[in-house]
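Counting starts at 1 for both ligands and their atoms, following the listed order. Reckoned from all heavy atoms, side chains included, excluding hydrogens, waters and symmetry mates.
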Amino acid sequence: MTARRPLIAGNWKMNGLAADGRALASGVAEQRKTMGADAPFDMLVCPPYVLIPAVVAAVAGSGVEVGGQDCHTAEKGAHTGDVSPAMLKDAGCDYVIVGHSERRTDHGETDALVKAKAEAALAAGLKVIVCIGETLAEREAGLTLDVNRRQLNGSLPAGASAENCVIAYEPVWAIGTGKVATPEQAQEVHAAIRSELKGLVGGVAEGMRILYGGSMKPGNAAELMAQTDIDGGLIGGAALKVEDFIGIAEAAR
Ligand code: PGA
């Protein structure tokens, strides 16, 4: 099995004013530096758009990368309120999250749109985190694996590789609810996603990281990341506190 390097990614969502973002980013960067250059995991923070330049400056030289939380499919043009992948790249981002369930729900984003966004991001030289996950109703109806396979098939960008694409499995019922999937529940879906990926991208699937997201905390991160197919976390609430986010990273050792 290819060794996959864990990715600990913080999704700040719509939280933090400039001073908060700067303090959080500086705190994470400082702690990351004390972990040493050889820490066996990658760290990423995804602030709101307006904080990106300040966060990029705050984490410079620390090894912490920065990502956007969404992007448009076009490079530029008449799209009021949107931000292009090229703009994210230009602002210093390495990554962008696409297809988060909050985007799918709040903005009606479809698999086809998520795929188009991911392809635009790859074309701009960004790495993508493609989010998928079932709702509680879908889980209770026994549709968990079907839904995740369908979303994966519909959202995976052409040209996805282990280097430029990360999948995040985020059960919607676990996001921001304090209800975390058990390691067994998560591993079952992660394994199904990897197996589906094999059909889509062949041997590349073995090296592609699949993150778990949904109420991950320092106290549950180690047992989740100990599962064979869980390669890190996409963390919301706990990414807003330096000690919690760092605690999760430490659990990836
Ligand atoms: P949570 O959010 O950690 O607050 O549950 C995770 C996410 O939505 O990425």
Just heavy atoms, cut-off under 4.0 Å: does I175 contact ligand 1 by side chain, backbone, both, or neither?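 For I175, the contact with ligand 1 is made by both the backbone and the side chain.
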Contact partition for A174 relative to ligand 1, non-hydrogen atoms under 4.0 Å: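 Looking at A174 and ligand 1, just backbone atoms fall under 4.0 Å.
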4.0 Å heavy-atom contact, [X] with ligand 1:
| X | value |
| --- | --- |
| G213 | no |
| K217 | no |
| S215 | yes |

What protein heavy atom sits nearest [atom], and how far off is it?
| atom | answer |
| --- | --- |
| atom 7 (C) of ligand 1 | E170 OE2, 3.0 Å |
| atom 4 (O) of ligand 1 | G237 N, 2.8 Å |
| atom 2 (O) of ligand 1 | K13 NZ, 3.3 Å |

Quick one: pull up CD in E138 and CD in Q151 and give me the separation to the nearest 0.5 Å.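 E138 CD to Q151 CD: 7.0 Å, rounded to 0.5 Å.
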Let me confirm one number: the CG-CD1 distance from L44 to I129, rounded to the nearest 0.5 Å.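 L44 atom CG to I129 atom CD1 measures 5.0 Å (nearest 0.5 Å).
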Under 4.0 Å from a heavy atom of [X]: give me the atoms of ligand 1 that qualify, with their elements.
| X | value |
| --- | --- |
| G236 | 1 (P), 2 (O), 3 (O), 4 (O), 6 (C) |
| H100 | 7 (C), 8 (O), 9 (O) |
| G214 | 5 (O) |
| N11 | 9 (O) |
| G176 | 1 (P), 4 (O), 5 (O) |

Locate the shortest heavy-atom distance separating A58 from A29; write the atom from each residue and the value.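 Smallest interatomic distance, heavy atoms only, reads O-CB, 3.7 Å.
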Salt bridge present between K127 and D42 (N-O < 4.0 angstrom):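 Salt bridge flag = no for D42 with K127.
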Polar side-chain atom of D146 near backbone of L143 as donor-acceptor pair, under 3.5 Å: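 Side chain of D146 to backbone of L143: no pair is present.
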Within the structure, does [X] bring an N/O atom to less than 3.5 angstrom of an N/O atom in ligand 1?
| X | answer |
| --- | --- |
| A238 | no |
| T177 | no |
| E102 | no |

Verify the distance criterion only: is there a donor paired with an acceptor across the side chains of H100 and Q69 at less than 3.5 Å?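 On atom types as modelled, these side chains do not qualify, holding no pair under 3.5 Å.
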Indicate yes or no: at least one non-hydrogen side-chain atom of [X] is less than 4.5 angstrom from one of [Y].
| X | Y | answer |
| --- | --- | --- |
| P157 | V130 | yes |
| E134 | N148 | yes |
| L7 | Y95 | yes |

Hey, is CD on E243 packed in by over 12 heavy atoms from elsewhere, all under 6.0 Å?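 It does: E243 CD has more than 12 such atoms within range.
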